[in-house]
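Before we start, here is the structure in question, set down as structure tokens.
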Amino acid sequence: MFKRPIHNILTGLGMLGVFFVGWWGWYVFDGSDKAEQRAIETAQEYANVAYPDLSLHVADVTYLSLYDPKYHVTMASDTSVDTEFVVRITRGGHVVDDSYEEDVVSKENTYRRISEAYDAAVQQAIAPTFSDRIDVMTELSDSAWRDDVAHGDDVTHLQLDQAVDLEFYGARYGILFLHAEDDSYTYEDVMVLLRDVKRVADENRVPFHSLKLQITIDGIERYAEGIRYSDLDSPHLSARLKQRMND
């Protein structure tokens, strides 16, 4: 006679358990409005104390739950385009750390801004001409850049918020990665293609330092890098190209 009430109680407890598990899952994976607001206020207070000379505002809030259940609050400057960093806050409103050193002090933001501007210029001025033949990607060589700085080349030392000089940085560090997927070329065809790329780059004043190339030559897919801008007008281009393709 007590089976029905016991069954109802167990069913109710089961449903209540499902509710709490669902609520907990939602809280862990999606956070909460209250916790997000607490994270924003904590980040603002932290930034005011840690960086009192900077005029900062909250630019974005992201909650990463699966592998790092914390709020990432992006602080950005009102006056400096390169001053943007993340403050990591727990759900309980405690500051874990911030990325000011690695993003701002290291000039990583400045490097990224110039690199993105260079890529945009290449995609607008060079890539469309060759869209039916090759894919053009870009790289502003970070390792070469820092190597030059380490060796005392002061002209390449980045300054916060500095103007973007694409001709300067492109000529020293710009790398074009050319990928031809479908057609098969001869070495003569490749030389014509590379010199055509140089011509378009020169006409649009978007220089580059060197090329990487992935292309099928005589039915064999080949890869080469370190094909310098100065090589392209050399009478020895064919020999240099074959050497790099076989390295």
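The structure displayed is predicted, hence computed values, not measured ones.
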Identify each donor-acceptor pair in which a side-chain atom of residues 120-135 lies under 3.5 Å from a protein atom, sequence neighbours left out, and give them as a table.
{"from": "Q123", "atom 1": "NE2", "to": "V136", "atom 2": "O", "distance (Å)": "2.9"}
{"from": "S131", "atom 1": "OG", "to": "P128", "atom 2": "O", "distance (Å)": "3.2"}

### Message
Are I175 and L213 linked, directly or through intermediate hydrophobic residues, by side-chain heavy-atom contacts shorter than 4.5 Å (ILVMFWY only)?
### Response
no
### Message
For D189 and T186: C-alpha separation, side-chain torsions, deciding distance, then whether side-chain hydrogen bond (donor to acceptor under 3.5 Å, both in side chains) applies.
### Response
CA-CA 5 Å; D189 293 333; T186 66; 3.1 Å; yes
#### Entry: Pairing residues for E203 by the side chain to side chain donor-acceptor pair (under 3.5 Å) criterion, not counting sequence neighbours
R199
### Where at least one partner belongs to residues 84-104, residue pairs that pass ring-ring contact (aromatic ring centres under 6.0 Å, His included), sequence neighbours excluded
Y51-F85, Y51-Y100, F85-Y100
### Counterpart residues, side chain to side chain donor-acceptor pair (under 3.5 Å), relative to D233 (two or more places apart)
K198
### Task
Using a 4.5 Å cut-off on heavy atoms from C-beta on, say whether the side chain of I215 contacts that of L193.
yes
### With T79 via side chain to side chain donor-acceptor pair (under 3.5 Å) - residues at least two apart
S77
### D98 with R88: basic N within carboxylate O range, under 4.0 Å
no
### Message
A cation-pi test, strictly: NZ or CZ of K70 under 6.0 Å from the centre of the six-membered ring of Y63 and no more than 45 degrees from its axis. Yes or no?
### Response
no
### pair D218-I220: side-chain heavy atoms closer than 4.5 Å
no
### Task
Please name the pair of heavy atoms, one in D161 and one in T110, separated by the smallest distance, quoted to 0.1 Å.
N-OG1, 4.3 Å
### Task
List for me each residue that meets side-chain contact (heavy atoms from CB on, under 4.5 Å) alongside S184, sequence neighbours excluded, and say none if there are none.
T216
### Query
Is the number of heavy atoms from other residues, nucleotides or ligands under 6.0 Å of R195 CZ greater than 12?
yes
### Task
Can you sort out the partners of V58 under side-chain contact (heavy atoms from CB on, under 4.5 Å), two or more places apart, ordered by chain and number?
I40, Q44, V61, V73, M75
### Query
Counting only N and O atoms by type, is there a donor-acceptor contact under 3.5 Å from the side chain of H209 to the main-chain atoms of G170?
no
### Task
List the steps, then state whether side-chain contact (heavy atoms from CB on, under 4.5 Å) holds for S106 with E101.
CA-CA 6 Å; S106 71; E101 289 287 331; over 6 Å; no
### Query
Could E225 and R244 be called an ion pair, given the rule that one side-chain N must be under 4.0 Å from one carboxylate O?
no
### Message
Main chain of S115, side chain of D119: is a donor-acceptor contact present, judged purely on distance under 3.5 Å?
### Response
no
### Message
Using the rule given for side-chain hydrogen bond (donor to acceptor under 3.5 Å, both in side chains), can you reason through Y229 versus D202, listing the C-alpha separation, both sets of side-chain angles and the distance that settles it, and then say yes or no?
### Response
CA-CA 11 Å; Y229 175 90; D202 290 344; 2.8 Å; yes
### Message
To check you understand the geometry: which heavy-atom pair defines the closest contact between K107 and L158, and what is its length?
### Response
CE-O, 3.7 Å
### Summary
Heavy atoms of S80 and L160 approach each other most closely as OG-CD2, 4.1 Å
### Task
Under the salt bridge (Lys or Arg N to Asp or Glu O under 4.0 Å) rule, collect the residues that match up with R112, sequence neighbours excluded.
E108
### Audit row: Y71, R91, side-chain contact (heavy atoms from CB on, under 4.5 Å) steps and yes/no
CA-CA 7 Å; Y71 286 92; R91 288 198 303 263; 4.1 Å; yes
### Task
Give a yes or no on whether the backbone of R38 and the side-chain of T42 come within a donor-acceptor separation of less than 3.5 Å.
yes
### Task
Test T74 against D60 for side-chain hydrogen bond (donor to acceptor under 3.5 Å, both in side chains), laying out the working first.
CA-CA 5 Å; T74 301; D60 188 41; 4.5 Å; no
### Query
What are the two closest non-hydrogen atoms of S55 and D78, and how far apart are they?
OG-OD2, 2.5 Å
### Query
With sequence neighbours left out, what residues match A117 under side-chain contact (heavy atoms from CB on, under 4.5 Å)?
V164, L166
### Summary
Sorted by chain and number, sequence neighbours left out, side chain to side chain donor-acceptor pair (under 3.5 Å) with E221 holds for Q214
### Query
About how many Å separate CG of L232 and CG of L241, when rounded to the nearest 0.5 Å?
9.5 Å
#### Entry: Check: K242 main-chain N/O paired with R222 side-chain donor or acceptor under 3.5 Å
no
### Message
When you measure from the side chain of Q37 to the backbone of K34, do you find a donor-acceptor pair of N or O atoms at a distance under 3.5 Å?
### Response
no
### Query
At their closest point, which heavy atom of M191 faces which heavy atom of L237, and how far apart are they?
CG-CD2, 3.8 Å
### Task
State which residues pass ring pair (Phe, Tyr, Trp, His ring centres under 6.0 Å) with Y46; sequence neighbours excluded, sorted by chain then number.
none
### Query
Who pairs with N48 by side-chain contact (heavy atoms from CB on, under 4.5 Å), at least two apart in sequence or on another chain?
none
### Task
Taking the side chain as every heavy atom from C-beta outward, state whether K212 and H179 have any atom pair closer than 4.5 Å.
no
### Query
Looking at CG of L140 and OH of Y173, how far apart are the two atoms once the value is rounded to the nearest 0.5 Å?
9.0 Å
### Message
Working note: I227 + S210, criterion side-chain contact (heavy atoms from CB on, under 4.5 Å); need CA distance, chi angles, decisive distance, verdict.
### Response
CA-CA 5 Å; I227 304 170; S210 62; 5.8 Å; no
### Query
Is there a side-chain contact (heavy atoms from CB on, under 4.5 Å) between T83 and L54 once you walk through the steps?
CA-CA 9 Å; T83 301; L54 304 179; 4.1 Å; yes
### Task
First locate atom CG of L178, then atom OG1 of T138, and finally report the distance between them rounded to the nearest 0.5 Å.
11.0 Å
## Note on the structure
In terms of heavy-atom contacts, P207 and Y118 come closest through O-OH, 2.8 Å
